[in-house]
Structures are given as structure tokens and as C-alpha cells.
There are 2 protein chains.
Amino acid sequence: MSLRHALLGLLVDTEQNGYDLTRRFEQTLSGHAWSAGHSQIYPELKRMTADGLIEVVDEGSRGSKVYGVTPAGRDELRRWMFSPPGEAPARNEFVLRLFLLSSLDLPDLRVLAERMARTSDEQATELAGTIKEIEAATPAGQPHGYARFAAEFGRRWFELQRDWARWVLGELDDRPEAD
Amino acid sequence: MSLRHALLGLLVDTEQNGYDLTRRFEQTLSGHAWSAGHSQIYPELKRMTADGLIEVVDEGSRGSKVYGVTPAGRDELRRWMFSPPGEAPARNEFVLRLFLLSSLDLPDLRVLAERMARTSDEQATELAGTIKEIEAATPAGQPHGYARFAAEFGRRWFELQRDWARWVLGELDDRPEAD
DNA sequence: AAGCCCATGTAACTGGTTACATGATTCT
DNA sequence: AGAATCATGTAACCAGTTACATGGGCTT
């Protein structure tokens, strides 16, 4: 049950309500890591409260519940982080498309690989800009946090996509069929 | 519905039965791309047959059904490959753990990042060996297929994990708290 | 007062996993 | 003959998505 641990991780970082968690999910985790909508998050928060992993630490003006992690929740998150990985199978539609590229004929393959390389390069450039902003907003010598680590990962991921697509194009150009 | 397109892609590559498809899923797609068990695959094959995307092209000795892709199936696969990406949200437990690393205290973070770097390096080395085998089994000058492309992607992916984890460790060593 | 964002929830449905069930062939 | 592998299926359950529903507070 990764949703539970994702919520624990976000709440350890910052105490917040279900609405904020929904947006945080969308903004930071949804791209590469995990995804969940509010209709899944609210019931899970209730269950986690019942299980003693989190608790309501404050109530906002319009009846919102601000959650925080209990000691038991911290223990559970740590236990999960150290547990052997690979339990939940990975699902990534983009990677699936990559793996199925060879089901296309050569002209189609070229067009798609070129498109993938282009969009990945754009995304990498965009994230590089975001990273510069983070760096600028962080006083020199200060340690980076969560956001910087995640952004660095994302940048490298998009570069991988771009470079792999270019490598495929290079392989294709070496083929006898190439004109 | 990515399952459907994954099956189409595998069947375009090789006509095969549900049992083979289940193993292929496990071996080639399960790591980074997509995952499905036989209990999901068999009913989907029936539905795809009803929808005219695939058809039974042969029957094996013990009553197995060998499926092949119809022209309509090929069209559907191509349409999907060219359709705008990002419809299905990505889910990757490993990446989720990466993103939640900063919820740990510094000593824990170091231990985990070191472990991640080590196991990723082992996986990258293993895949590099697999690639050499593929290269050796392919006559010189011959084009590479599906397996070579996917393996190259996997290698780069594990290297990304390793390098990112090492980068995080480097960032941590620069911290004032570092001993 | 109207419209937007904040904030929480439930219901119906679809996709995916685990468990149950069965039988044929091949290998030892 | 017994065990392993091939081969297909269904049922019950859990996770995740889409749609429906409601109301408070803030801005213009």
C-alpha cells in the first residue's frame, strides 16, 4: 500500500490537510513516482487516523483538518523505507511505449523517436530552469531539501529519455535500410 | 487501457498464446514498463478477440490458442503509439522512495542512499553483461531489435539511479552536519 | 450577489491482485 | 507413477478513477 507511505512522507515534511496533500501529490509525485486523487486520499487519511499513524493536529477556519504524523507513523514510514523494494510493480506508460517502439515500421519509428527526443529535451531544459530557481532561493552553503533532490532526479530522467531516443536514432541510421 | 496495447505490441512481435504472453510480461515489461498476471491477460485476450483486434491463428497440442494481430489491431496499436502521452499516471515504488528520502534523518539517509547506489550499480553491471550477450548473438552489421533497445534503456535507468544516489551522498557530505 | 477557490465527502465503476480450480503433457 | 511445467479459466477482493454532491470563505 504505497499511497499510505506517500502520505506519511508528505506529512512528515509538512503538516497539512487533505486538500493540500491532493495538490502536493499532483505537483511533486504525480510525474514519476505515484498518483492519487482526493477521493482516494480522504478515506485513506481516515483509515490512517484509525490505525494511529497520523492525527488531527489542528483545525482550519472552514472545518479543514490539519494532519500530523504520530511516532507510530514515523516508525512505519522508516520501516517501509528500509524494507526490500520491488513489491509493487512499476507502471509507466511512457516506458511501455519505448519498449513497444520496435513494433512500428522504420519510418514511423524515426518520427516517434525524434518526437520523444525533442519533448524530453524541452522538459529537461524546463527542469534545469526550475533547479536554478531553487538554487537562487537557497542561501549559499545551506543544505538542499526534498524539492532539490526530486528536481535533480527529474532532470536526469528527462535527459535519459532524450539521450536514449537519440541513441536509437543513431542505431537506425546505421541500418542498411537507411537512405 | 495500456494492458491492451502492451499485448498488441507483444503479439505484433511474435504470435503466441496467453501463457507465453504472461511470461513475456514478467520477463521484459514488468521491471520498468507495465505488469499483468495471467488472470488479467486471459479475459483481456477474449475481449480483444471480440473487438476484432486479435484472432486465434493456431491451436497448440494441448488446446492452447495462439493469437495474432489483425489489421484493425495494428491500426489501433499505431494510433495509440502516436497519441499524446501522459494519460496514465506513472507509478514506481522505487522512485517514490527516492522522493521521500528526505523524510529520514541524516544517518538513515546516508545508509539508504549507499544501499541504493550499490544495488543499482549491480543491476547496471548485470544488464551490461546481458547486452554483451545480445551483441555476441547478433551477426555484425545486423540491425538490433526490441530486446537490445529495451536492455539499453534498462542499463541507462540503473545507471541513473546509481549516479543520482551518489550525487545525493555528495551533497550530504558537503553539509555542515557531516563529520 | 456572483464567481472562484478552499475543503470534504460518497457512489458507481473499472483496473488489477490474490486465491481457487482444473486438466494435459513432458520429464525423471 | 509422481513431479514439474504447460495452459486456461473464474471468483472474491482491493486499489484507483470518474462522477456526483455539498457548503464555507474570499474577492470583485
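Every heavy atom of this structure was used, including side-chain atoms; hydrogens, water molecules and symmetry mates were not.
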Output the rounded distance in Å from [atom1] ([X]) to [atom2] ([N]).
X        : N       : atom1 : atom2 : result
Ile41(B) : dT18(C) : CD1   : P     : 14 Å
Tyr67(B) : dA7(D)  : OH    : C1'   : 11 Å
Leu45(B) : dG9(D)  : CG    : C1'   : 12 Å
Glu26(A) : dC6(C)  : CD    : P     : 14 Å
Arg23(B) : dA4(D)  : CZ    : C1'   : 14 Å

For residues 96-129 of chain A, pull every pair meeting ring-ring contact (aromatic ring centres under 6.0 Å, His included), keeping only residues two or more places apart or in separate chains.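 Found Phe99(A)-Phe153(B).
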
Hey, does Arg4(A) reach any base, or is it just sugar-phosphate, or nothing, if we go heavy atoms under 4.0 Å?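 Answer is nothing: Arg4(A) stays at 4.0 Å or more from every strand.
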
State which residues pass side chain to side chain contact (heavy atoms under 4.5 Å, CB included) with [X]; sequence neighbours excluded, sorted by chain then number.
X        : result
Arg78(B) : Leu104(A), Asp108(A), Phe82(B)
Thr49(B) : Ile54(B), Tyr67(B)
Ser39(A) : none

Quick one: what's the B/S/- string for nucleotides 12-24 of chain D, heavy-atom cutoff under 4.0 Å, read 5' to 3'? ---SBBBB----B

Are the aromatic ring centres of Phe158(B) and His32(B) under 6.0 angstrom apart?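 Ring centroids of Phe158(B) and His32(B) are less than 6.0 Å from each other.
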
Which residues in residues 6-21 of chain B have a heavy atom closer than 4.0 Å to any atom of DNA chain C?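 Going residue by residue through residues 6-21 of chain B, none turns out to have a heavy atom under 4.0 Å of DNA chain C.
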
State which residues pass side-chain hydrogen bond (donor to acceptor under 3.5 Å, both in side chains) with Asp20(B); sequence neighbours excluded, sorted by chain then number.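 Asp20(B) satisfies side-chain hydrogen bond (donor to acceptor under 3.5 Å, both in side chains) with Arg23(B) only.
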
Those residues that, when tested against Asp51(A), pass side-chain hydrogen bond (donor to acceptor under 3.5 Å, both in side chains) (two or more places apart):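 For Asp51(A), the residues satisfying side-chain hydrogen bond (donor to acceptor under 3.5 Å, both in side chains) (neighbours in sequence not counted) are Arg4(A).
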
For Arg24(B) and Thr14(B), test the side chains for any donor-to-acceptor distance below 3.5 angstrom and give the result as yes or no.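 Arg24(B) vs Thr14(B): donor-acceptor pair found between side chains.
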
If hydrophobic residues (ILVMFWY) are linked whenever their side-chain heavy atoms come closer than 4.5 Å, directly or via other members, who joins Val57(A) in its cluster?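 Other cluster members: Val66(A).
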
Under 4.0 angstrom between Lys65(A) side-chain N/O and dC6(C) OP1 or OP2: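 Result: no.
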
Do the side-chain N or O atoms of Tyr42(B) get closer than 4.0 angstrom to the phosphate oxygens (OP1, OP2) of dT8(D)?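 Tyr42(B) to dT8(D) OP1/OP2: side-chain N or O found under 4.0 Å.
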
